[in-house]
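Presented below is the structure to which this report refers.
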Amino acid sequence: MAKYGEGDKRWIVEERPDGANVHNWHWAETDCLPWSKVFFTKSLSDLTILDCQGNLSIKTKKVEKVGGEAYVNVRKGKIIPGYEISLSLSWEGEAKDEEGKTLLKAEGNLEIPYISDENADEDPEVKVTIKDEGPIGKALKEAMLAKGKPLVLEKVSDFVKAMAKGGPVKDELEAKKSAPKNTTTTSTSNSNSAAMSKEKVGVEKEAKKEVKKEGKKGFKTITMSEKFNCRAKDLYEILMDENRWKGFTQSNARISKDVGGQFSIFDGSVTGINLDLQEGKLIAQRWRFGSWSDGIDSTVRLVFNEPEPGVTVIKLTHSDVPEEDRYGNETVVENTERGWRDLIFNKIRAGFGFGI
C-alpha cells in the first residue's frame, strides 16, 4: 500500500472551503491517523471487561499507541479507505478470594500488531501479556483473552465500518450528497442533454454539434499542440492501449479499439465512446467526467502529424468543456487543460522516453 502523502501532488486536491473533489483528475485524500487515534482512545480506554465475575475484575486502562498510517481517498463520490496500523493498550486485573480479599493485582498489555484494509473482513491477531506469570496471573490473562479479546475486536470492527463510510470526512460527504444541485445552468444542461440523446457516432455530426455550441455561454474549447520524439503510429498505439494507459497513469483503464466502442480511464473518472479512429492519424472521442452535470459530454480530437521521421506533433482540440461541474466548481477548464498536459502528455514523455 502506498504511504500517505507520497503520491504525485498533482493528483491530490488542495483543501477547499467546499471540500469538493475538483474535476476528478485528482484524488481527495485525507490523513486519518489522528482521527484513528481519537477513535480507539475513546472506544478502548477505561473499558470494563469483568466486574467481580468469578472473583476476577479486569478493565482496560488506556490506549498507549496507535501507529502506522491511515487515510481515505474520495474520487467520483467513491470512498476508498486505506490503513495499516498497530494498536497497543494497557489493562489491569484483580483476583480476590471467597472472602473478598485481594490475592493479586497485576497489569498487562494487549497488542494488535497489524490492522489493515487488505484484511478488513478478517479478525487481526491479538496478543495479550501480563507482568505476573504466576498461576493467578495466568488466570487473569486467560480471562482477558476469553472476555477482553472479543470486545476489543468488536471495537476494531466498528473502526473498519467507520473507515468504509469515510472516517473523518463522513459528515462532509453526507452533507454534499444532501445539498441541492446548482440549477443556474439548468436550461443549458437540459437543452444539451436533449441534443446529446439524438446524436449518433460520426465525425460529421460531432463537427456540426461543435459549430452549434460555439459561442454558447458555459462551454469552452481547449486547444494544445505538443511535440514528441517518436513515430506517429507509436504515439497512437500508446493512447489506444489500455495496458500502456495503466502504466503511465498508474490507474485503471479499459479502452476499446473499435469505432463506437467505449472506454474508461483514470479509474473510471473519465468515460466515453470512440467516434473515429485512423491509425497514426486521428483519434476522435466523446469524453465525459463523472463530476459534470447529467447530459453533458465533450468532444476530443487528437490529430497526429509527422513533419519528419521520428518527430510527431499532436494537435488537441477538446471542445464543449463546461465551465462548471455539478458542484459549482469553476475550475473545470483549467484542470482539464492541466490534466492533458501534466497527467497525459508529460507522463507519456517521461514513461516512454519521447521527450524533446
- Stepwise side chain to side chain donor-acceptor pair (under 3.5 Å) test for Ser86 and Glu111: CA-CA 8 Å; Ser86 60; Glu111 180 185 1; over 6 Å; no

Let me confirm one number: the [atom1]-[atom2] distance from [X] to [Y], rounded to the nearest 0.5 Å.
X      : Y      : atom1 : atom2 : result
Lys246 : Ile265 : NZ    : CD1   : 13.0 Å
Leu302 : Ile283 : CG    : CD1   : 5.5 Å
Lys127 : Ser88  : NZ    : OG    : 11.0 Å
Glu306 : Asp234 : CD    : CG    : 8.5 Å
Gln250 : Asp267 : CD    : CG    : 10.5 Å

Looking at every non-hydrogen atom in both residues, tell me the closest pair between [X] and [Y] and how far apart they are.
X      : Y      : answer
Ile255 : Phe263 : CA-CB, 4.0 Å
Lys147 : Leu50  : CG-CD2, 3.8 Å
Leu33  : Gly68  : CD2-O, 3.3 Å
Pro81  : Ile79  : CD-O, 3.7 Å
Phe219 : Asp320 : CD2-O, 3.5 Å
Trp292 : Asp297 : CZ3-C, 4.1 Å

Residues [X], [Y]: salt bridge by 4.0 Å N-O rule:
X      : Y      : answer
Glu337 : Arg341 : yes
Lys59  : Asp51  : no
Arg349 : Glu226 : yes
Lys138 : Glu142 : no
Lys105 : Glu92  : no

- Query: Is the Phe40-Phe159 ring centre distance short of 6.0 angstrom?
  - Reply: yes

- Working for salt bridge (charged side-chain N to carboxylate O under 4.0 Å, His left out), residues Lys257 and Asp241: CA-CA 8 Å; Lys257 296 184 179 181; Asp241 185 273; 3.8 Å; yes

Given 3.5 Å as the limit, does a donor-acceptor pair link the side chain of [X] with the main chain of [Y], or not?
X      : Y      : result
Trp245 : Leu239 : yes
Arg254 : Glu242 : no
Ser319 : Thr221 : no
Asp132 : Ala106 : no
Thr102 : Leu104 : no

- Show your working on side-chain contact (heavy atoms from CB on, under 4.5 Å) between Asp158 and Phe39 and close with a plain yes or no. CA-CA 10 Å; Asp158 290 343; Phe39 181 95; 3.9 Å; yes

- Task: Verify the distance criterion only: is there a donor paired with an acceptor across the side chains of Gln262 and Thr271 at less than 3.5 Å?
- Result: no

- Task: Starting from the C-alpha separation in whole Å, work towards a yes-or-no answer on salt bridge (charged side-chain N to carboxylate O under 4.0 Å, His left out) for Lys233 and Glu237.
- Result: CA-CA 6 Å; Lys233 65 180 183 64; Glu237 289 175 0; 5.1 Å; no

- Message: Other residues, nucleotides and ligands only: do more than 12 of their heavy atoms fall within 6.0 Å of NZ on Lys281?
- Response: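 No, NZ of Lys281 has 12 or fewer neighbouring heavy atoms, counting only those of other groups under 6.0 Å.
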
- Task: Sort out for me which residue in Lys62, Glu64, Glu107, Lys61 forms a side chain to side chain donor-acceptor pair (under 3.5 Å) with Ser90.
- Result: Glu64

- Item | Residue that, paired with Gln285, satisfies side chain to side chain contact (heavy atoms under 4.5 Å, CB included) out of Ile273, Asn274, Thr299 |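 For Gln285, the side chain to side chain contact (heavy atoms under 4.5 Å, CB included) test succeeds with only one of Ile273, Asn274, Thr299, which is Asn274.
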
- Query: Do Leu56 and Leu103 share a hydrophobic cluster, counting only Ile, Leu, Val, Met, Phe, Trp and Tyr and linking them when any side-chain heavy atoms are less than 4.5 Å apart?
  - Reply: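 Per the 4.5 Å side-chain linkage, Leu56 and Leu103 are co-clustered.
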
- Task: Could you check Glu98 against Asn55 for side-chain contact (heavy atoms from CB on, under 4.5 Å), going step by step and ending with a plain yes or no?
- Result: CA-CA 7 Å; Glu98 295 297 333; Asn55 296 325; 3.3 Å; yes

- Message: Can you tell me how the ring of His318 sits relative to the ring of Phe289, calling it parallel under 30°, perpendicular over 60° and tilted otherwise?
- Response: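 Judged by the thresholds at 30° and 60°, the geometry between His318 and Phe289 is parallel.
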
- Message: Does any part of the side chain of Trp340, heavy atoms only, come nearer than 4.5 Å to the side chain of Leu316, both counted from C-beta?
- Response: yes

